[in-house]
Amino acid sequence: MKPVVSKILVASHNQGKIKEIRDMLAPFNVEVVSADELRMPDVPETGHAFVENAKLKAETLAHMSGFFALGDDSGLCVKCLGGKPGVLSARYAPNRDFDKAMDMLLDEIKQTGSADRSAYFECVLALADPQGKTYVFEGKVEGKIAEKKAGKKGFGYDPIFVPDGFDKTFAELGEEEKNKISHRGRAFQKLIQEIFA
Ligand code: IMP
């Protein structure tokens, strides 16, 4: 049986993520509130995998608030860097300065001397029911790291990621196009199918 979900607490303080999540849930009759709005704490990401952290964030806040809580753990994995920054994508940015983080990443790739710029974004969504059950959905988008930053839209590493089949970065494509094909968009399509369809 599908759960009845009329309100979701997004277990994140990342405004870029929260905006995308609000947009993706807009067509459904569900109230979306953020951790900031309910003065909920930032849950430390102590896991070593996206799924562990997504569940941890969702289950902690569902338990604290009594609402359904949605945890999103995501990141960028670069092949020639052995999958870095991966689960540490947020922490790779000094003082959350993603402009600097992208420069550092482009530099690290250059240092390897590798011509292989393939990378992927992964997103794991965990929707925790305060009664105990947690639903997990995964989405991935393959692509490559651009030679330099391009575009002003989106957030995080969007200006250096070119999804397969496109010649523009996520930051040039803009949210509507990005949400159709992104890791988060794909994970959401699965969530919507299971929870709201
Ligand atoms: P966390 O899930 O809160 O650990 O943060 C994931 C980090 O990965 C974000 O802070 C971004 O830097 C990066 N990230 C995740 N999804 C995206 C995306 O859609 N675009 C750009 N960067 C992203």
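In each ligand, atom 1 is the first atom listed, and ligand 1 is the first ligand listed.
- Those atoms of ligand 1 that come under 4.0 Å of a heavy atom in Asp72, given as number and element, are 2 (O).
- Proximity of Phe170 to ligand 1 is not established, as no heavy-atom distance is less than 4.0 Å.
- The shortest side-chain heavy-atom distance between Ile160 and Thr169 does not fall under the 4.5 Å cut-off.
- Assignment of Asp73 to the shell around ligand 1 is supported, since a heavy atom sits closer than 4.0 Å.
- Of all atoms in ligand 1, numbered sequentially from 1 with element shown, those under 4.0 Å from a heavy atom of Lys178 are 18 (C), 19 (O), 20 (N).
- Within the structure, side-chain hydrogen bond (donor to acceptor under 3.5 Å, both in side chains) contacts touching residues 132-141 (residues at least two apart or in different chains) are Glu59-Thr134.
- Ligand 1 places these atoms under 4.0 Å from at least one heavy atom of Gly75: 8 (O).
- Close approach of ligand 1 to Phe98 (heavy-atom distance below 4.0 Å) involves ligand atoms 10 (O), 12 (O).
- For the pair Lys144 and Asp164, the salt-bridge criterion is not met [side-chain N within less than 4.0 Å of a carboxylate O].
- Residue contacts with ligand 1, taken as heavy atom pairs separated by less than 4.0 Å, involve Asn14 solely via side-chain atoms from C-beta onward.
- Among protein heavy atoms, atom 3 (O) of ligand 1 sits closest to Lys17 NZ, 3.1 Å.
- Ligand 1 has no atom lying under 4.0 Å from any heavy atom of Arg91.
- Taking any N or O of Arg184, backbone or side chain, at least one lies under 3.5 Å from an N or O belonging to ligand 1.
- Not a single heavy atom of Gly154 lies less than 4.0 angstrom from ligand 1.
- Using 4.0 Å as the threshold, Lys57 has a heavy atom nearer than that to some atom of ligand 1.
- No part of Phe161 comes within 4.0 Å of ligand 1, judged by heavy-atom distances.
- For Lys153 and Asp158, the salt-bridge test fails: no basic side-chain N is under 4.0 Å from an acidic carboxylate O.
- The ring-ring contact (aromatic ring centres under 6.0 Å, His included) check on Phe196 picks up Phe28, with sequence neighbours excluded.
- Ligand 1 lies out of reach of Arg96, whose nearest heavy atom is not under 4.0 Å from it.
- Among Gly71, Ser74, Gly156, the residue whose heavy atom lies closest to atom 7 (C) of ligand 1 is Ser74.
- Distances below 4.0 Å separate heavy atoms of Ser89 from the following atoms of ligand 1: 7 (C), 8 (O).
- In this structure, atom 22 (N) of ligand 1 lies nearest to the protein heavy atom Tyr157 N, 3.1 Å.
- Contact atoms of ligand 1 toward Asp158: 18 (C), 19 (O), 20 (N), 21 (C) (distance under 4.0 Å to a heavy atom of the residue).
- In this structure, Lys190 fails the cation-pi test against Phe137, since its NZ or CZ atom is not both closer than 6.0 Å to the six-membered ring centre and inside 45 degrees of the ring normal.
- Near Glu45, meaning under 4.0 Å from one of its heavy atoms, ligand 1 places the atoms 1 (P), 3 (O), 4 (O).
- Aromatic ring centroids of Phe161 and Phe121 lie under 6.0 Å apart.
- Side-chain contact between Leu105 and Tyr92 is present, with heavy atoms from C-beta onward closer than 4.5 Å.
- Salt bridge annotation for Lys55-Glu45: absent, with no cationic side-chain nitrogen under 4.0 angstrom from a carboxylate oxygen.
- Between Lys57 and Asp72, none of the side-chain N atoms (NZ, or NE/NH1/NH2) sits under 4.0 Å from a carboxylate O, so this pair counts as no salt bridge.
- Taking hydrophobic clusters as Ile, Leu, Val, Met, Phe, Trp and Tyr residues chained together by side-chain heavy-atom distances below 4.5 Å, Phe155 does not share a cluster with Ile18.
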